[in-house]
Amino acid sequence: MKFVRPRVLVVAVVSVALTLSGCASLPDTSTPEAIGTIGQQPTEPVAPPPAAGAEPSLLLRKFFEASTDPSNRHGTAREYLTADRARTWQDGDSTIIVDKMDFLEEPRSGDEASYTIRATKVAQLASGGTYEPLDGVFEGKARFKRVDGQWRISEIPDGVMMERGLFVKNYRDVALYYLDPSGTKTVPDPRWIAARQDQVADHLLGLLLAGPSPSLAPAVRSQFNDKISMIGPVTKADGRTSSVGVGPGGIRVDFRGLAGMDAKDRKLLAGQVIWTLQNADISGPYVLLADGEPLDEQFASGWTTSDVAELNPLANTLNDVGLHAIRDGGLVAVKDGILTPASGYFGGVRNVRSVSLSSDGTLVAAVVDTGRQAPDPTSALMVGSYDGTAFPVAEGGMITRPSWAPDDGSAWAVIDGARVTRAVRDTSLVSVVDVDATAVSSIGKITELRLSRDGVRVAMIIDGKVYIANVIPGPAGYAITNPRAVPTGAGIARSLDWSTSENVVVALDATEIPVVMVSIDGSRLEMLPNRNLTGPVTVVDATTTSEYVADARAVFQLTNTDAEADRNWREVPGLSGLNAIPVLPG
């Protein structure tokens, strides 16, 4: 299968979902619209210069259309302004994305006209193209004057505002890739840019060198620092300066400031560059230089994605562990329709409520029924080996489904909606350490928490809403910071899991739209197919290539690599007609 960035899979989700009979469109007006084909860029100007004799209402509409083109400091949009306002208009003050704009005309005099502009805010683009969902209503004034017989805008608020339909048509979502604290995984930093394909490589590398978005910076590391810069323009691999990043021919980029960087760190730097470019449809070979010399002599003729495959952000984390399930309160392996109880403690009990496997399948964390009645603790968190014994490490009235960190052998869970804990296993000992979760527990009751595959973010359900937050390591332990609500449309969130490090799958209590996919920045919300599902969907678990859910009848699988016409939920053999819960590593 050809490598594609995860959002391409999401686009396939949209096109399938919207063609299924009986699938309703998302009713929530605050929901971002579906994104079109990735990499699609306008072939004609977004809006032409103002037409002679045009009325103010049309000019106002065209001005906002032209505002989606940032080239030359929004040069085309400035042509709609009077000379004085064109000089003073601060286009860089803000970029606001809104729902449909309404223009309310006020009484007009001979050479002056005024309009009140109203719109519902959807998001803003922060510095570097970071998408940030917004609430609230925008209201402002636009005033016109006749200049040499033509209407021009003499007063308009500073900043750029655009309807979201034009935004998704003329901007594209990309990702910069930084490193997790261990330097073993790439971490996406989603951005939105408006640039022709032949400008994207230079644009992305400039953003990459500038560093991660402020909210993500404490959680990641980068091989780039303020002493590193690019020498000369980015070119094709053979030095040509035309059509850079378009079609074959690769990329050549020369960096300054890498003296003293060892081979290991240079390879990590190459991984950041290569996956950032490759996932923006810019193909290799990637000729990377340091002060005119090869970044690594081993790759003097150019790097490929296989040379940094260990940093592949879409690497399938399922390995050979395979699908498991909770059946009759015990853990079973599912293969070819046959259910085989796990060989250790968790396969022999009948009181398991939820369970998670470590990424290599050797460790198990489970929430079990204690058999006691409230006010005594009714749930216990058990940790042990897959084929051995287990012991309790924490108790509570309610404990969320555990989630394993990717590297450090710790299982995270939330006790009684507020206390986030890490059960850290070291040989035969397990220590329980609380996580500083003040930033999220103050919002409300946490009923689900899942660590991302890179361990840098958490997805949570708090009071029925989905939040994404960052995980910050520190000398005193871990902290969850900067929680951001992401829209999921109508319905209360019941369960969630990470599909990739950029996308989260959410099960809702809505009948018509039981499962959706949401991007971590909240810019995209896609409805997954609903055919064959019978609500309510109670649990969702996912890999980079498939989603699994449990509904009222069975466990179902949705495969992202299926052709659109065949992409439907299918019952998992062996789990049909059973009250079972799917279990995957993570």
Side-chain angles (χ1 to χ4, degrees), residues 5-7 35 38-39 41 68-74 91-92 94-95 97 123-132 160 167-168 170-180 186-235 244-246 251-258 268-284 286 288 295 308 311 313 454 456-457 470 482 501-502 519-524:
R5 186 167 173 240
R7 67 177 183 278
I35 305 301
I38 298 305
Q41 295 293 302
T68 62
D69 179 5
S71 60
N72 194 26
R73 294 190 62 230
H74 295 89
D91 58 320
S94 61
T95 300
I97 302 158
Q124 68 175 354
L125 280 190
S127 176
T130 301
Y131 186 99
E132 299 176 350
V160 171
F167 168 72
V168 299
N170 296 295
Y171 280 66
R172 59 181 296 188
D173 56 334
V174 294
L176 312 177
Y177 284 94
Y178 295 97
L179 302 167
D180 75 314
T186 46
V187 180
D189 189 355
R191 307 294 181 95
W192 285 83
I193 63 172
R196 298 195 316 263
Q197 184 64 22
D198 61 353
Q199 300 170 338
V200 168
D202 188 72
H203 195 117
L204 288 181
L205 289 172
L207 291 173
L208 188 64
L209 268 68
S213 55
S215 63
L216 183 62
V220 297
R221 52 180 278 199
S222 177
Q223 293 305 111
F224 293 98
N225 56 52
D226 56 8
K227 296 180 181 178
I228 298 174
S229 59
M230 289 186 291
I231 303 173
V234 180
T235 69
V244 176
V246 179
I251 287 289
R252 179 184 181 275
V253 56
D254 194 356
F255 294 106
R256 176 191 293 113
L258 303 185
L268 292 175
L269 181 146
Q272 287 186 246
V273 171
I274 290 167
W275 289 116
T276 295
L277 294 177
Q278 201 279 338
N279 290 326
D281 303 322
I282 298 171
S283 59
Y286 305 95
L288 306 181
L295 182 67
V308 288
L311 296 173
D454 50 42
V456 169
R457 295 181 172 97
N470 297 333
N482 193 39
S501 290
E502 291 185 61
S519 60
I520 57 176
D521 64 357
S523 64
R524 291 174 289 110

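Given the structure is predicted, the values throughout are model-derived calculations rather than measurements. All heavy atoms count here, side chains included; hydrogens, waters and symmetry mates do not.
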_The test is side chain to side chain contact (heavy atoms under 4.5 Å, CB included); show your working for Leu179 and Val220 and say whether it passes._
CA-CA 6 Å; Leu179 302 167; Val220 297; over 6 Å; no
_Under 4.0 Å between a side-chain nitrogen and a carboxylate oxygen: does that hold for Asp254 and Arg256?_
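Result for this pair is no, no salt bridge flagged.
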Minimum heavy-atom distance between [X] and [Y], given as atom pair plus value:
X: Leu216; Y: Pro188; answer: CD2-O, 3.9 Å
X: Thr130; Y: Ser213; answer: OG1-CB, 3.8 Å
X: Val174; Y: Ala280; answer: CG1-CB, 4.4 Å
X: Leu295; Y: Ala270; answer: CD2-CB, 4.0 Å
X: Ala195; Y: His203; answer: CB-ND1, 4.4 Å
X: Trp275; Y: Val308; answer: NE1-O, 3.1 Å

*Please find out if less than 6.0 Å separates the ring center of Phe224 from that of Tyr178.*
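No, ring centres 6.0 Å or more apart.
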*Between Asp173 and Tyr131, is any pair of side-chain heavy atoms under 4.5 Å apart?*
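Of all side-chain heavy-atom pairs linking Tyr131 with Asp173, none is under 4.5 Å.
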*Flag the pair Glu502 / Asn279 as yes when at least one side-chain heavy-atom distance between them is below 4.5 Å, and no otherwise.*
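No, every pair of side-chain atoms sits at 4.5 Å or beyond.
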If I take atom [atom1] from residue [X] and atom [atom2] from residue [Y], how far apart are they, to the nearest 0.5 angstrom?
X: Leu277; Y: Ile282; atom1: CG; atom2: CD1; value: 5.0 Å
X: Ile228; Y: Leu269; atom1: CD1; atom2: CG; value: 6.0 Å
X: Met230; Y: Asp202; atom1: CE; atom2: CG; value: 5.0 Å
X: Phe167; Y: Leu125; atom1: CZ; atom2: CG; value: 4.5 Å
X: Thr276; Y: Leu205; atom1: OG1; atom2: CG; value: 7.5 Å
X: Leu268; Y: Arg221; atom1: CG; atom2: CZ; value: 6.0 Å

State whether the side chain of [X] and the backbone N or O of [Y] hold a donor-acceptor pair below 3.5 Å, judged by distance alone.
X: Asn470; Y: Pro218; result: no
X: Asp521; Y: Arg191; result: no
X: Thr186; Y: Leu311; result: yes
X: Gln272; Y: Gln223; result: yes

_Apply salt bridge (charged side-chain N to carboxylate O under 4.0 Å, His left out) to residues Arg457 and Asp180 and explain how you reach the verdict._
CA-CA 10 Å; Arg457 295 181 172 97; Asp180 75 314; over 6 Å; no
_side chain to side chain contact (heavy atoms under 4.5 Å, CB included) evaluation trace for Ile251 with Leu288_ = CA-CA 8 Å; Ile251 287 289; Leu288 306 181; 5.8 Å; no
*asked:* For Gln278 and Ser283: C-alpha separation, side-chain torsions, deciding distance, then whether side chain to side chain donor-acceptor pair (under 3.5 Å) applies.
replied: CA-CA 6 Å; Gln278 201 279 338; Ser283 59; over 6 Å; no
_Under 3.5 Å side-chain donor-acceptor pair for Thr95 and Gln124_ =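 Note: Thr95 and Gln124 side chains miss the donor-acceptor criterion.
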_Step-by-step side chain to side chain contact (heavy atoms under 4.5 Å, CB included) determination, Tyr177 to Val273_ = CA-CA 8 Å; Tyr177 284 94; Val273 171; over 6 Å; no
*Would you please test Trp192 and Ser523 for side chain to side chain contact (heavy atoms under 4.5 Å, CB included) and show each step?*
CA-CA 9 Å; Trp192 285 83; Ser523 64; 3.4 Å; yes
